[in-house]
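Quick notes on the structure that follows.
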Amino acid sequence: MDRILIRGGNRLNGEIPISGAKNAALPLLIAGLLTDEVLELSNVPRLADVSQLNRILRNHGADITKRGKRSGETMLSGDTVRVHAEDIVDTTAPYELVSTMRASFWVLGPLLARCHEARVSLPGGCAIGTRPVDFYLEAMREMGAEIDIEGGYVVARAPGGLKGARITFPKVSVGATHVVMMAATLANGETVIENAAREPEVADVARCLVSMGAKIEGIGTSTLRIQGVDRLHGASHRVVADRIEAGTYAMAAAMTGGEVLLKGAEAEHLRAFIRVMDEAGVAVREEQGGLRVRRNGDGLNPVFVETRPHPGFPTDLQAQVMALLTMAGGVSTIRETIFENRFMHVQELVRLGADITLSGDTAHVRGVDRLIGAPVMATDLRASVSLVIAALAAQGETELNRVYHLDRGFEALEHKLSAVGADVERVSG
Ligand code: EPZ
């Protein structure tokens, strides 16, 4: 199994290209199931999760092909992927495939909308919390589907097709918004989604669906109004930049005291994050082509951070901001309100010398003068990368195990970090 070795202490300086967003690419690929024509997606990041989802989509009968590179494109330009689901030959998403990646459960919406039936394995638990699917099932029922749970599978049928409905989510859910929005594009009549997720990735999927012929109003707001159409057609769409990757590298630069330009990052998607960075003493400024990140002065200030659905501070940056604050000059408070168990990185950060105490959904981080490298391992993607951030500033060498978590969501991480001066090396075996 691969490991990553990081020798800390180098400042990061230079430019880091930001990839297409994993959390947009996954639902966009799934949206390809809604049409018998070709959906062409560019700027698709090369990630283990994308490859895994492609296996799942192929199992339903979709042809997935990658276009070759064109002149001027580099290894970091992302892939151009064509999804062609001319015939859906199998409406089952099996346990072996779904259990490894929760987002694959989202095929439920397109399959039910297009084929009027779906049999999708329940995703099971994961390292960051229980993550139920009750909102999805309730919404599909309200849209006229019969839902049974049989042998660990959601068996959904809507013989006459789905019908429009008014869905009000009790709590903001990114995945449930994706699924209902996709399903509603081919339902009979109008669907209104209240308390919809406003994440930029949801808006990106909505824009792609519109270019496929869907009728969606309220994109980017918490009320989505979707008029069902008979069919969707092919389209070309570019995946939005990964705001979580951008935020992560911003904090890596801030941690080491360097200055980087995050090429392609969009400030509009990171407002709450930028405010927190400002308070912490890190300047994140928009400029032509991206965001420039620089620490103001020597030290970092302690801050209060609370995760919230977009436009609030993203839970997917919580582990990373905790890593950053381990070296702030005072006590920071971090409250996680989205997932109940997303503090698995705490014990590993402590192994590097951090001083963190947990109490329920709140972590108190007392800044220390130095971190010291150690062998660490992480249980999920964002937790892993928080250890990378800490390691970049730690004295000596950190050995990060279970690198496959990073490969799920960060394209060419060691390449991007080495290019701006980090001492990072992947060791195979
Ligand atoms: C998406 O997960 C992201 N995944 C997650 O990113 C992200 O952390 C999360 O949204 C929140 O922003 C992808 O986009 C692929 P939710 P999702 O439904 O959709 C509760 C990463 O590291 N809930 O918005 O699964 C749920 O338990 C990943 O890239 C229900 O109670 O998250 C949670 O408390 C990890 N019932 C809250 O809603 C339901 O039926 C928000 O979860 C559905 C959700």
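Counting from 1, the numbers follow the sequence of the chain as shown. Given the structure is predicted, the values throughout are model-derived calculations rather than measurements. Order of listing sets the numbers, starting from 1, for every ligand and every atom in it.
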Quiz item: Do any heavy atoms of Val172 fall under 4.0 Å from ligand 1?
Solution: yes

Practice problem: Kindly determine whether Thr223 and Glu194 satisfy side-chain hydrogen bond (donor to acceptor under 3.5 Å, both in side chains), including the steps that lead there. | Solution: CA-CA 5 Å; Thr223 303; Glu194 301 277 13; 3.0 Å; yes

Exercise. If the plane angle is over 60° it's perpendicular, under 30° parallel, otherwise tilted; pick one for His178 and Trp106.
Key: tilted

Quiz item: Quick one: does Arg342 get a heavy atom under 4.0 Å from ligand 1?
Solution: yes

Quiz item: Does OH belonging to Tyr95 count more than 12 external heavy atoms closer than 6.0 Å?
Solution: no

Quiz item: Considering distance alone, does some N or O of Pro132 sit under 3.5 Å from an N or O of ligand 1?
Solution: yes

Exercise. Compute the shortest N/O to N/O distance between Gly175 and ligand 1 and return yes if it is under 3.5 Å, no if not.
Key: yes

Quiz item: Does any N/O atom on Phe135 come nearer than 3.5 Å to any N/O atom on ligand 1?
Solution: yes

Quiz item: Can Lys171 and Phe169 be said to form a side chain to side chain contact (heavy atoms under 4.5 Å, CB included), step by step?
Solution: CA-CA 5 Å; Lys171 186 172 169 184; Phe169 289 125; 6.0 Å; no

Exercise. Show the numbers, then the answer: is there a side-chain hydrogen bond (donor to acceptor under 3.5 Å, both in side chains) between Glu336 and Thr315?
Key: CA-CA 7 Å; Glu336 170 60 54; Thr315 175; 3.0 Å; yes

Quiz item: Which one of His405, Arg308, Glu201, Arg382 has a non-hydrogen atom at the shortest distance from atom 22 (O) of ligand 1?
Solution: Arg382

Self-check item: Ligand-residue contact atoms, ligand 1 with Lys171, heavy atoms, under 4.0 Å
Solution: 34 (O), 37 (C), 38 (O)

Quiz item: For Glu117 and Thr91, what are the C-alpha separation, side-chain angles and deciding distance, and is it a side-chain hydrogen bond (donor to acceptor under 3.5 Å, both in side chains)?
Solution: CA-CA 7 Å; Glu117 60 170 43; Thr91 54; 2.9 Å; yes

Quiz prompt | Asp316/Lys22 salt bridge by N-O under 4.0 Å criterion | solution = no

Quiz prompt | Phe313/Arg275 under side chain to side chain contact (heavy atoms under 4.5 Å, CB included): CA gap, chis, key distance, verdict | solution = CA-CA 9 Å; Phe313 191 94; Arg275 272 196 299 278; over 6 Å; no

Quiz item: Is the closest N or O pair between Lys22 and ligand 1 shorter than 3.5 Å?
Solution: yes

Quiz prompt | Sub-3.5 Å N/O-N/O distance, Ile338 and ligand 1 | solution = yes

Exercise. Looking only at distances, please establish whether an N/O atom of ligand 1 is found under 3.5 Å from an N/O atom of Val174.
Key: yes

Quiz item: Who's closest to atom 12 (O) of ligand 1 heavy-atom-wise, of Asp134, Leu317, Thr315?
Solution: Thr315

Practice problem: Return yes when atom CZ of Arg366 has more than 12 non-hydrogen atoms of other residues, nucleotides or ligands closer than 6.0 Å, and no otherwise. | Solution: no

Exercise. Find all atoms of ligand 1 within a distance of less than 4.0 Å from any non-hydrogen atom belonging to Tyr136, and give their numbers and elements.
Key: 40 (O), 43 (C)

Quiz item: With a 4.0 Å cut-off on heavy atoms, is Trp106 touching ligand 1?
Solution: yes

